[in-house]
Amino acid sequence: MKVLVDADSCPVNEIVIEIAKKYNLEVILFFDTSHVYTDQYAKVITVDKGKDSVDFKLISYIEKNDIVITQDYGVACMALSRKAYVLNQNGLIYDDENIESLLLIRYLSQKERKNNKHLKGPKKRLKENDEIFKKNYICLLEKINNW
């Protein structure tokens, strides 16, 4: 099992790495060339800048029982289809029960934007978001490994 992170705009990269070290898990962070990131523990993969280039590279690395960290519902859906566990930066665990409704919401939001309707952006990130992420990330790791 390894942890794969859609890391371009992920606010929890350091938390992912810190916890992975404790569990002795491999971490791979995926960025495009508009980001520069190095880490002593995690492997960093940089791909050419382009629509979904990071997503496609990350998906090509997924194996059964890996953990994927992403806020992208499309990536989450593809990861679930490859029997991976998927978590977003706020601690939401994606699963077969919630992914369809999330994809529908994404579709309807895209439709609204195409009709020049402006939707609210994401809420400002709070320290509580990091705490919820940590808690759910650890719970997921312990559930997977029966620790």
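Quick note: numbers below take in every heavy atom, side chains included, and nothing from hydrogens, waters or symmetry partners. Keep in mind it's a predicted model, so treat the numbers as computed, not measured.
- Open room surrounds CD on E100; 12 or fewer heavy atoms of other groups in view lie less than 6.0 Å from it.
- Side-chain contact between F30 and D55 is absent, with no heavy atoms from C-beta onward closer than 4.5 Å.
- Of the inter-residue distances, the one linking I45 atom CD1 with Y61 atom OH reads 3.5 Å to the nearest 0.5 angstrom.
- Evaluated for a side chain to side chain contact (heavy atoms under 4.5 Å, CB included) with L58, the options I69, V68, D72 yield exactly one hit, V68.
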- Please step through side chain to side chain donor-acceptor pair (under 3.5 Å) for the pair Y23 and E142, ending with a clear verdict. CA-CA 10 Å; Y23 288 87; E142 291 179 353; 2.9 Å; yes
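- Within the structure, side chain to side chain donor-acceptor pair (under 3.5 Å) pairs that include any residue of residues 1-13 comprise K2-E63, K2-D66, D6-T70, D8-H35, S9-Q71 (at least two apart or interchain).
- Looking at heavy atoms from C-beta onward, V16 lies in side-chain contact with F133 at the 4.5 angstrom threshold.
- Contact annotation: the side chain of V12 approaches that of R125 to within less than 4.5 Å [non-hydrogen atoms, C-beta and beyond].
- Closest approach of L29 to I17, counting heavy atoms only: CD1-CD1, 3.9 Å.
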Would you list the atom pairs, donor with acceptor, under 3.5 Å between side chains in residues 74-83 and any protein atom, with sequence neighbours excluded?
residue	atom	partner	partner atom	Å
S81	OG	M78	O	2.7
R82	NH1	I59	O	2.5
R82	NH1	I62	O	3.2

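- Nearest heavy-atom pair across Y41 and A20 is OH-O, 3.7 Å.
- Between V47 and F56, the closest side-chain pair of non-hydrogen atoms is not below 4.5 Å.
- Distance CG/L4 to CD1/I28: 5.5 Å, rounded to 0.5 Å.
- To the nearest 0.5 angstrom, I67 atom CD1 is 5.0 Å from M1 atom CE.
- Residues Y137 and I132 fall into different hydrophobic clusters, defined by Ile, Leu, Val, Met, Phe, Trp and Tyr side chains chained together at heavy-atom separations under 4.5 Å.
- Under a 3.5 Å cut-off, the side chain of N129 and the backbone N or O of L126 do form a donor-acceptor pair.
- Atoms CG and OH, from L87 and Y94 in turn, are 8.5 Å apart once rounded to the nearest 0.5 Å.
- Nearest approach of A7 to F31, heavy atoms of both residues: O-CE2, 3.3 Å.
- Shown here are the side chain to side chain contact (heavy atoms under 4.5 Å, CB included) partners of D95, two or more places apart in sequence or in another chain: E97, N98.
- Under a 3.5 Å cut-off, the side chain of N90 and the backbone N or O of L92 do not form any donor-acceptor pair.
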- Taking it one step at a time, do D39 and V27 satisfy side-chain contact (heavy atoms from CB on, under 4.5 Å)? CA-CA 10 Å; D39 187 82; V27 176; over 6 Å; no
